[in-house]
2 protein chains.
Amino acid sequence: MADENISDLIERYLKEILAQNEQVKIRRSEIAGLFDVVPSQINYVINTRFTIQNGYIVESKRGGGGYIRIEKVHLLDDIDVLNSLIAAIGNKLSKRDSETIVQTLYNNELINRREVSIILAAIDKDAIDLNSSDLTDIMRANIMVSILNRLRYER
Amino acid sequence: MADENISDLIERYLKEILAQNEQVKIRRSEIAGLFDVVPSQINYVINTRFTIQNGYIVESKRGGGGYIRIEKVHLLDDIDVLNSLIAAIGNKLSKRDSETIVQTLYNNELINRREVSIILAAIDKDAIDLNSSDLTDIMRANIMVSILNRLRYER
DNA sequence: AATTCTTTGACTAATATTGACTATTATTAT
DNA sequence: ATAATAATAGTCAATATTAGTCAAAGAATT
């Protein structure tokens with residue numbers, strides 16, 4: 001929907017193939033040529049959009065006949081998904097990664113659309129960002145307001 | 001009616017598009033150029049006139065092909081309940097009061113049981129309490145883990 | 001006069017793009 | 001076989017391209 005930059009176009013191109021093929025095998029320079037970008041931009045696209053958190057496994061090989069293969073993984077059961085996600089989080093989590101995780105939960109049908117946005121509201125920057133102290137109660141207020149605001153509308 | 005300042009004009013411009021389009025996607029500098037203002041004034045207009053209270057959701061992306069997207073959402077009938085709850089919260093909220101609010105939301109059928117526990121997980125003390133710094137990302141991690149843990153079981 | 005709202009711009013943050021350099025694997029020459 | 005070369009992909013840092021924040025100055029309102 002918001003494909004204004006080339007990386008998004010490349011992402012969409014690959015995902016369209018993956019929508020029908022379970023896996024896609026490319027020659028890096030070919031795709032780079034197709035979209036008229038430097039080859040390393042393909043790595044950028046893969047590193048930012050085809051991570052394991054997003055549900056993709058990437059394999060590659062260099063040298064003659066080299067390739068990059070992207071495979072959409074089918075996560076076994078819900079607990080495994082949750083365990084691996086929790087393990088991957090550690091003790092810091094960027095906004096971007098958090099959104100990726102929520103998307104994965106949705107893709108694996110662990111949460112529905114409405115729950116997606118409740119969770120996003122909970123971890124919204126405006127909700128949890130604060131510079132003053134007296135932390136816990138203030139944070140709770142911020143998070144609660146964020147959630148309430150979310151509940152105002154549909155979708 | 002007689003919009004005297006530029007911010008009002010920009011507001012009207014965007015709302016005219018939204019009257020027909022459900023969402024509008026802009027390049028900040030473009031709109032700024034169109035009205036001959038500094039780009040950050042677009043943020044001012046958005047922050048003062050396209051808030052969630054007014055029924056708008058705003059998303060943006062930086063970098064090449066960046067954009068700001070404003071979406072008009074359908075506000076629900078129970079807006080008054082939510083408004084008064086939000087007003088009552090202020091900037092601090094005890095655990096007890098937060099639970100009362102969640103109970104109220106449930107009693108008014110604004111959320112279901114599952115959503116109750118997702119929200120309670122989000123504002124759980126263990127999720128949001130921390131003494132170290134580097135706050136936002138750490139908090140987000142805590143909240144996310146708390147939510148994921150809650151998703152492990154039913155009800 | 002005081003307060004609130006608007007305008008401005010310097011600085012910051014996030015994301016995308018590029019290219020020089022490196023690493024790995026395959027192929028060819030000796 | 002081994003070494004040299006070719007053909008790939010990977011890494012990383014510099015640069016480019018956007019949007020966001022914040023506080024100061026100016027304008028309008030009370």
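In what follows, every heavy atom counts, from backbone to side chain, and hydrogens, waters and symmetry copies are set aside. As the structure is a computational prediction, the values presented were derived from the model and not from experiment. Naming: A, B, ... by sequence-line order, numbering from 1 per chain.
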### From D:dT11, C:dA16, C:dC5, nucleotide with atom closest to A:N43 side chain
D:dT11

### Task
Could you point out which residue of A:I46, A:L18, A:T51 forms a side chain to side chain contact (heavy atoms under 4.5 Å, CB included) with A:Y56?
A:L18

### Task
Would you indicate what A:G63 reaches in the nucleic acid, counting non-hydrogen atoms under 4.0 angstrom: base, sugar-phosphate, or nothing?
base

### Task
With heavy atoms under 4.0 Å as the rule, sort A:Y67 into base, sugar-phosphate or nothing.
sugar-phosphate

### Query
Are OP1 or OP2 of C:dT15 and a side-chain N or O of A:T48 less than 4.0 angstrom apart?
no

### Message
Is it the case that atom CG in A:N47 sees more than 12 heavy atoms from other parts of the structure closer than 6.0 Å?
### Response
yes

### Query
Ignoring hydrogens and angles, does a donor from either the side chain of B:R62 or the base of D:dG20 sit under 3.5 Å from an acceptor on the other?
no

### Query
When we call it a touch if two heavy atoms are under 4.0 Å apart, what does B:I68 touch: a base, just sugar-phosphate, or nothing?
sugar-phosphate

### Query
Does the base of D:dG20 carry an N or O that pairs as donor and acceptor with the side chain of B:S40 under 3.5 Å?
no

### Query
Looking across every strand, which nucleic acid part, if any, lies under 4.0 Å from A:R49 by heavy atom: base, sugar-phosphate, or nothing?
sugar-phosphate

### Task
Could you check if a side-chain atom of A:Q103 sits within less than 4.5 angstrom of a side-chain atom of A:T100, using non-hydrogen atoms only?
no

### Message
Given D:dG20, D:dT8, C:dT17, identify the nucleotide with an atom nearest to the side chain of A:S7.
### Response
C:dT17

### Message
Classify A:I6 by what it touches in the nucleic acid, base, sugar-phosphate, or nothing, heavy-atom distance under 4.0 Å.
### Response
sugar-phosphate

